[in-house]
Amino acid sequence: MEKLVITAAICGAEVLKEHNPAVPYTVAEIVREAKSAYDAGASVIHLHVRYDDGTPTQSKERFKECIDAIYQVCPDIIILPSTGGAVGMTDDERLEPTELDGIEIATLDCGTCNFGGDDIFINTENTIKHFGQRMIERGIKPELEVFDKSMIEMAVRLAKKGFIKEPFHFDFVMGVNGGIGGDIRDFAFLRGSIPAGSTYTVAGVGRYEFPVAAMSILDGGHVRVGFEDNVYLSKGVLARSNGELVEKVVRIAKEFGRGIANPTEAREIYGLPAKKF
Ligand code: KMH
Ligand code: ZN
């Protein structure tokens, strides 16, 4: 089987130190968490950034500061910025990281859904077209975040209209309160709904993180873990770092004989241009 690409979603926009004191806010903390994930076997960092007090921001200056600092310690890593940002941000704010040079891949959220409590994560068709167009213009591969099957259909339809380039790369986000769940039927439903030739990764939220990871490992897909999605190593046991979550995925993959992709191999698997270091 193809090697496994592990993404670490180290920070997110919603999770707080109150949930796990190791959640990073400052640049130094973000670098610490990226390095722990990289050392454990992650080849991709899905990046949100915060101000020092924990407030999420899509400021391109703050992104640049964090990205430059991560490259100092993980020179070959793939950094995958969020264009989802936090609930309530404007499209222009959310797109700021795509203005930076050298961005290889970024999230493109493919539909609207409830996001817990009173929150609604809004991605209208026009927003998705606008983001897709921007990524084509900037040479950025979209990681198509889908929270339900309808969002796969949206991506395929917008590709036919020229707003998304193939081959597709999906991220099945499973277990959000407002999206699809995270059991085997849910996984099979999404997996069976993507066009042939697509790559995909899975992000199981909360208690779904490792079960969904195991399903993808067995199926030949890829895996995202990290504090954005889940702060526990096992029931009631907080992870001390994102690296611990990645280590657990590496252990599961090894049990099933699946090798772990380094960043160069991950670029090849995801169809990203090779980079020299
Ligand atoms: N923070 C969520 C509202 C993404 O990174 O593209 C959206 C999110 C998706 O995290
Ligand atoms: Zn995210």
Side-chain angles (χ1 to χ4, degrees), residues 3-52 54 56 62-82 97 104-105 107 143 171 201-210 212-214 216-217 222-255 258-267 270 277:
K3 285 191 176 175
L4 176 71
V5 178
I6 303 175
T7 297
I10 57 173
C11 175
E14 287 80 23
V15 66
L16 299 170
K17 284 189 191 294
E18 283 87 328
H19 303 121
N20 183 327
V23 170
Y25 296 166
T26 67
V27 177
E29 289 168 350
I30 283 176
V31 171
R32 179 198 72 214
E33 287 306 306
K35 175 91 164 68
S36 79
Y38 174 78
D39 288 344
S43 48
V44 182
I45 301 294
H46 169 52
L47 191 63
H48 289 252
V49 300
R50 312 280 186 103
Y51 290 120
D52 288 354
R62 186 67 165 185
F63 261 93
K64 184 165 172 18
E65 202 183 343
C66 291
I67 291 171
D68 288 349
I70 293 171
Y71 282 147
Q72 290 292 315
V73 292
C74 318
D76 57 344
I77 197 126
I78 299 168
I79 297 181
L80 191 165
S82 171
E104 302 171 83
I105 182 168
T107 57
E143 179 169 272
D171 178 14
T201 190
V202 295
V205 174
R207 68 192 170 87
Y208 291 119
E209 183 157 85
F210 294 107
V212 160
S216 187
I217 288 167
H222 303 284
V223 170
R224 166 176 128 177
V225 290
F227 289 158
E228 176 165 349
D229 304 325
N230 163 54
V231 294
Y232 292 98
L233 190 58
S234 55
K235 196 169 188 322
V237 180
L238 288 174
R240 282 173 300 185
S241 67
N242 278 274
E244 276 198 339
L245 299 171
V246 174
E247 276 168 14
K248 183 162 172 175
V249 175
V250 170
R251 283 199 300 277
I252 297 169
K254 288 210 165 126
E255 287 296 330
R258 195 121 184 242
I260 308 300
N262 64 34
T264 299
E265 293 163 337
R267 283 188 177 83
Y270 279 4
F277 302 97

Side chain [X], main chain [Y], donor-acceptor under 3.5 Å:
| X | Y | result |
| --- | --- | --- |
| Asp171 | Glu143 | no |
| Glu255 | Ile252 | no |
| Ser234 | Val237 | no |
| Lys3 | Gly259 | no |
| Ser43 | Pro263 | no |
| Asp39 | Gly243 | no |
| Thr7 | His46 | no |

Any side-chain heavy atom of [X] sitting closer than 4.5 Å to one from [Y]?
| X | Y | result |
| --- | --- | --- |
| Leu233 | Leu238 | no |
| Phe210 | Val225 | yes |
| Ile78 | Ile45 | no |
| Ile217 | Leu4 | yes |
| Arg224 | Asp229 | yes |
| Ile77 | Val44 | no |

Could you state the interatomic distance from [atom1] ([X]) to [atom2] ([Y]), rounded to the nearest 0.5 Å?
| X | Y | atom1 | atom2 | result |
| --- | --- | --- | --- | --- |
| Ile67 | Leu47 | CD1 | CG | 6.0 Å |
| Ile10 | His48 | CD1 | NE2 | 10.0 Å |
| Leu245 | Ser36 | CG | OG | 8.5 Å |
| Glu209 | Phe227 | CD | CZ | 10.0 Å |
| Thr26 | Arg50 | OG1 | CZ | 11.5 Å |
| Ser82 | Glu228 | OG | CD | 6.5 Å |

Cationic N near anionic O, under 4.0 Å, Arg267 to Asp76:
no

I'd like to know if Glu247 and Lys254 make a salt bridge, using a cut-off of under 4.0 Å between side-chain N and carboxylate O.
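No, no charged N to carboxylate O under 4.0 Å.
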
Is Lys248 atom NZ crowded by more than 12 heavy atoms from other residues, nucleotides or ligands, each under 6.0 Å away?
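Above 12, so yes.
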
Tell me if the OH atom of Tyr71 is crowded by more than 12 foreign heavy atoms within 6.0 Å.
yes

Quick one: closest heavy-atom pair of [X] and [Y], and the distance?
| X | Y | result |
| --- | --- | --- |
| Ala261 | Val5 | CB-CG2, 4.1 Å |
| Arg240 | Ala22 | O-CB, 3.4 Å |
| Ile30 | Val49 | CD1-CA, 4.1 Å |
| Ala253 | Ile260 | CB-CD1, 3.9 Å |
| Asp52 | Val27 | OD1-N, 4.4 Å |
| Pro97 | Phe63 | CG-CE1, 3.7 Å |

Run the ring-centre check on Tyr270 versus His222 and record whether the distance is less than 6.0 Å.
yes

Whether the Tyr38 and Asn242 side chains hold a donor-acceptor pair (N or O, under 3.5 Å, no angle test) is what I'd like checked.
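Asn242 and Tyr38 do not have a side-chain donor-acceptor pair below 3.5 Å.
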
